[in-house]
Amino acid sequence: MRALVLIGGFGTRLRPVTYDVPKQLIPIAGKPMLYHVLDLLPKEVDSAVFATGYKADVIEAYVRDHPLPRLPITTVHEAEPLGTGGGLRNAGDGIGDPFVLLNSDVIADVDVTALLAAHRAKHAFGTMVLHEVDDTRPYGVAALDADDRIGAFVEKPEPADAPSHWINAGVAVWSEAVLAEIPPGRPVSFEREVVPGLLPRGVFGFRSTGFWEDAGTPERLLRAQSLLFDAGRGGPGTLPAGATGQGPVALGSGVEARGAKFGPYVTLGNGVVVEAGAHVANSVVMDGATIGPGATVTGSIVGPKARVAAGRTLAGVVVGGSADA
Ligand code: GTP
């Protein structure tokens, strides 16, 4: 069985760091969020297709340099963004029946083996993982019957129009026949234009109660990082040599942080320097960035090779690659 992963978005809500690094390669809890997404796939899924667009060359180079032995990956590049449906159609040739469809920016604890079992047991055309949230406005919302069959699906409804609190979690199993239902050669939103028309063919919800976060904004990305650490999916989380404070801290190679203070919930990329007296908490500091002496960085994402000045305080800030802050 194969998985198709949608990786073509611009990541506008994470600018300016996404001008340099595609969202999927931002490291959280020690590795790119994309690799946490791939961790969900059970052995039964033995290869993956990436539908890439924005910064496809950067993603392809990273995947080539960091292969997953159990999961050979091929990439299909969109010359122009085709949206979630167009990207699926464009990359889906020969995907197999059924296949797993993944958003690349959703950090979740979903049992995909159980999802596949439910899909088969119900002879479903599609089975979408659903997660329960209070505020449904940014998401696609499903109405379910007593058998968890989806009777209506509304993308980003006003609260009064939301049929439930169960939202599309960005993980699903679909019959290969879904591809023929997507108009070719133009941008298509799978959730808005395609899913509602598929419901009569038998689309079911799979209610997931594990943790879930859409890591598409800075605050949610950092919350996703803390969820991964708390779930033990962030590595050992030890403090850098000579540093004080509280883990977990996921460390790249060659980190220098003597005399700095940390924690909790920090990822430091390769070659990061955190000078003495600096304090970093609930943040991501990417490869080659420098945090000056006495600076305080909390709730922030610091792009690759960025420099945070001595004594600066950054709270809830996204710093672009190679920028001075
Ligand atoms: P924002 O610009 O911040 O909204 O982020 P985004 O561009 O990633 O959009 P969104 O979070 O809505 O995307 C959901 C998923 O679909 C992500 O995994 C995206 O990478 C992916 N995606 C969005 N648009 C496209 C597209 O045009 N083509 C492909 N292949 N994937 C897409």
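In each ligand, atom 1 is the first atom listed, and ligand 1 is the first ligand listed.
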From the candidates [options], the one that places a heavy atom nearest [atom]:
| atom | options | answer |
| --- | --- | --- |
| atom 27 (O) of ligand 1 | A51, G86, G83 | G83 |
| atom 1 (P) of ligand 1 | T18, T12, I7, V5 | T12 |
| atom 29 (C) of ligand 1 | A56, S189, P138, G8 | G8 |

For W212 and Y139, take the angle between the two ring planes, folded into 0 to 90°, and tell me which bin it lands in: parallel under 30, tilted 30 to 60, perpendicular over 60.
perpendicular
Heavy-atom check, side chain of I7 versus side chain of I59, under 4.5 Å:
yes
Test item: M33 and K23 side chains (from C-beta on) under 4.5 Å apart, heavy atoms:
yes
What residue and atom, counting heavy atoms only, is the protein's closest point to atom 24 (N) of ligand 1, and at what distance?
G9 CA, 3.8 Å
One thing to verify: whether [Y] and [X] come together as a salt bridge, which I'm taking to mean a side-chain N less than 4.0 angstrom from a carboxylate O.
| X | Y | value |
| --- | --- | --- |
| D287 | K305 | no |
| K156 | E191 | no |
| D135 | R137 | yes |

Test of proximity, [X] against ligand 1: N or O pairs below 3.5 Å:
| X | result |
| --- | --- |
| Q24 | yes |
| L6 | yes |
| T84 | no |

Relative to the heavy atoms of [X], which atoms of ligand 1 are at a distance of less than 4.0 Å?
| X | value |
| --- | --- |
| L82 | 27 (O) |
| R13 | 1 (P), 3 (O), 4 (O), 5 (O), 11 (O) |
| F10 | 7 (O) |
| K23 | 5 (O), 6 (P), 8 (O), 11 (O) |

Any heavy atom of G53 sitting closer than 4.0 Å to ligand 1?
no
The side chain to side chain contact (heavy atoms under 4.5 Å, CB included) partner of T127 among R120, H119, K122 is H119
Does a donor on one side chain and an acceptor on the other come within less than 3.5 Å for R307 and T290?
no
What do you think, any protein heavy atom under 4.0 angstrom from atom 12 (O) of ligand 1?
no
